[in-house]
There are 2 protein chains.
Amino acid sequence: MKTTTIYDVAREAGVSIATVSNAINGKGKVSNKKRDEILEVMKRLQYQPSVIASALMGKKTYTIGLLIPDVSNPFFSEIARTVEDLAHSEGYSVIVCSTDNKDERVEKYIRLLDQKNVDGILIGTGVGNADILALHVEKYFPIVMIARETAGIAVHRVLNDDFKGGTIAAEHLLEKGHRKMAVLSEDFNVSSSFERVRGFRFGLFEAGISLDPKNIFACESNIKDGKRVASEILHGAERPTALFCCNDLLAIGALQAAKEEGISVPEQLSIIGFDDTILSTVTNPTLTTIAQPMNQMVKMAFDLLIGSLDHTDDIKQRIVLQPELVIRESTGNSPIK
Amino acid sequence: MKTTTIYDVAREAGVSIATVSNAINGKGKVSNKKRDEILEVMKRLQYQPSVIASALMGKKTYTIGLLIPDVSNPFFSEIARTVEDLAHSEGYSVIVCSTDNKDERVEKYIRLLDQKNVDGILIGTGVGNADILALHVEKYFPIVMIARETAGIAVHRVLNDDFKGGTIAAEHLLEKGHRKMAVLSEDFNVSSSFERVRGFRFGLFEAGISLDPKNIFACESNIKDGKRVASEILHGAERPTALFCCNDLLAIGALQAAKEEGISVPEQLSIIGFDDTILSTVTNPTLTTIAQPMNQMVKMAFDLLIGSLDHTDDIKQRIVLQPELVIRESTGNSPIK
DNA sequence: CTGAAAGCGCTTACAG
DNA sequence: CTGAAAGCGCTTACAG
């Protein structure tokens with residue numbers, strides 16, 4: 001019942017607790033003989049140092065926080081898994097915090113993480129305008145942002161080139177002969193979506209096509225709203241032949257709307273998503289989408305975070321990674337020649 | 001930079017740290033006047049008690065562990081989200097641990113959680129035969145199992161009636177006129193799958209139909225293997241008219257196999273899944289499936305866990321909840337009259 | 001009602 | 001190379 005402490009192993013090994021501590025941490029000088037004895041006793045007693053106690057002495061808690069909009073969203077649950085594995089391999093645990101993009105949740109969670117002395121936090125997008133808070137917080141522990149740009153706050157950031165992603169989508173659709181297109185975006189103040197749309201428009205623009213802003217629609221970021229908005233578009237007077245959706249959820253909504261309207265994809269309508277979540281492999285037709293280099297992004301962000309723990313790096317990096325087109329079944333040639 | 005401690009508050013308020021502590025925790029007697037003063041100072045100094053320090057004094061860490069096979073699997077990510085929300089509302093954080101059903105990962109994680117003095121752990125299925133370990137661990141902190149039966153270890157369990165789920169699936173298919181059926185199961189030593197299959201067979205048995213064991217196939221629990229096995233079945237001499245799959249992933253694999261073979265679902269083949277994950281709403285056709293009362297299960301498990309923290313309840317509960325049939329598009333009348 | 005003191009399980013100078 | 005002692009930020013009897 002009672003946990004065995006450093007005192008138990010010290011007594012058992014006939015040394016002081018300081019020596020046990022040194023033996024464990026490889027600090028100071030401990031003779032090999034004593035060290036081996038101590039290690040042996042530790043094993044015999046199944047001694048595990050208390051992270052709590054050593055954290056109180058200013059050591060790390062070996063715990064990091066992960067702020068994401070929603071773990072149950074496949075895109076973020078994949079991020080969570082990657083973070084977890086990286087963290088685990090370095091001896092860290094991760095506390096998952098779903099913010100629903102609500103500032104008050106962000107704030108509450110950060111306060112909580114602060115109280116628990118986490119070593120650092122990874123912010124995986126979606127923190128509204130809590131940047132101020134991040135600023136406030138940065139004094140306490142390092143922060144690294146994944147897939148999210150921030151204004152006015154000096155933190156490491158690992159980003160996807162969203163603008164480029166939008167451009168790639170545009171090029172793919174143009175190549176298939178599409179000329180009449182529409183866009184399903186997330187709320188325009190989500191910076192990543194904003195960039196994707198900008199990139200998409202730029203891609204069209206380069207081909208001499210201008211996308212009327214009235215063909216860009218803002219949705220809540222879920223399947224249902226994607227479906228609702230897509231339905232409206234498909235009912236409109238000038239039905240587009242292709243839809244660029246700022247994430248897979250919206251694209252799936254569009255797929256469902258098309259199905260409901262009896263419009264076949266990709267024959268009559270092409271749909272392209274963004275994120276390359278597991279969902280895009282499961283729909284029928286499967287979804288052509290833009291893949292962010294997720295694993296790589298998370299890996300770099302994690303390494304930056306861990307790095308920040310040991311030495312405060314004065315200059316903050318801003319790393320931008322390139323997205324990639326993943327062609328599946330939901331895009332095809334334009335029905336209009 | 002330096003965190004403000006209870007000493008700062010005490011000094012500022014002109015009282016002892018003991019009084020501050022009492023004021024915070026509502027312990028002992030503190031005059032209203034002093035309490036208010038202290039609270040005011042706390043707010044002014046933005047003081048936040050250190051969870052670490054109080055944990056060292058034997059108080060709770062307000063952190064729980066969640067062991068699941070894989071957070072990136074939609075079924076479990078939904079559980080994780082529910083757990084997180086419940087925990088958060090009670091002031092707890094949750095450390096997510098994906099075990100991949102590997103005993104060594106389970107063991108490592110439990111050790112880690114132990115070192116970090118988590119208050120308790122929720123085991124959301126999939127712990128192989130680490131029951132021995134659970135036993136070992138139960139001395140340190142309470143455990144509650146979700147959707148998983150355990151042998152020889154006294155812990156609270158909140159279960160889904162998997163046998164019943166299998167029976168419901170059988171009844172649904174029988175009602176649609178199916179007589180030739182096959183089953184895609186997870187590994188047979190996964191107790192929940194085992195029960196589902198048993199229930200399914202029982203359902204058929206009651207209708208006077210016996211399911212030849214050679215029509216029950218074990219798969220790894222992922223889309224790919226579901227597809228592989230389903231393909232084999234569909235190529236077999238006696239093609240069934242319906243497939244019962246022990247989880248949605250396998251069902252999706254089956255759906256893909258059917259698509260590849262040009263077999264239309266549900267006209268020529270009915271497919272029924274289990275779990276009712278978001279995936280089942282996204283496929284085309286959407287998936288008929290058996291829904292576990294997930295939110296309810298998680299809620300009950302969480303409450304039992306929190307309850308165990310304050311008073312060790314001697315008798316461990318075993319709660320069994322009922323699953324429900326969710327009819328979507330992937331099941332239809334048997335093509336064979 | 002309030003405070004001095006001991007102690008939780010560690011780590012870290014500092015002597016020796 | 002090793003140990004005594006102080007201290008991390010709290011909580012909890014125990015006096016008063």
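These numbers were taken from a predicted model, which means no experiment stands behind them. Within every chain, numbering begins at 1; the chains are lettered A, B, ... in the order of the sequence lines, protein sequences first and strands thereafter.
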d(CD1, A/Ile17; C1', C/dG7) in whole Å: 13 Å
Length of the CD1-P vector between B/Ile6 and C/dG3, whole Å: 12 Å
Identified pairing partner of C/dA4, criterion: Watson-Crick or G-U wobble below 3.5 Å: none
Base-pairing assignment for D/dA13 (Watson-Crick or G-U wobble, both under 3.5 Å): none
Selection from C/dG7, C/dG9, C/dA5 that lies nearest to any side-chain heavy atom of B/Met57: C/dG7
Listed nucleotide nearest any side-chain atom of B/Ala53, set D/dA4, C/dG9, D/dG9: D/dG9
Under-4.0 Å salt bridge between A/Arg111 and A/Asp114: no
Would you check if there is a donor-acceptor pair between the side chains of [Y] and [X] at a distance under 3.5 Å?
| X | Y | value |
| --- | --- | --- |
| B/Ser221 | B/Glu186 | yes |
| A/Lys116 | B/Tyr62 | no |
| B/Asn295 | B/Thr82 | yes |

Side-chain touch A/Asp8/A/Thr5, heavy atoms, less than 4.5 angstrom: yes
Think [X] has a side-chain N or O under 4.0 angstrom from the OP1 or OP2 of [N]?
| X | N | value |
| --- | --- | --- |
| A/Ser50 | C/dC8 | no |
| A/Ser31 | D/dT2 | yes |
| A/Thr19 | D/dG3 | yes |
| B/Tyr7 | C/dG3 | no |
| B/Ser16 | C/dA4 | no |
| A/Asn25 | C/dT11 | yes |
| B/Lys34 | C/dT2 | yes |
| B/Lys59 | D/dT12 | yes |

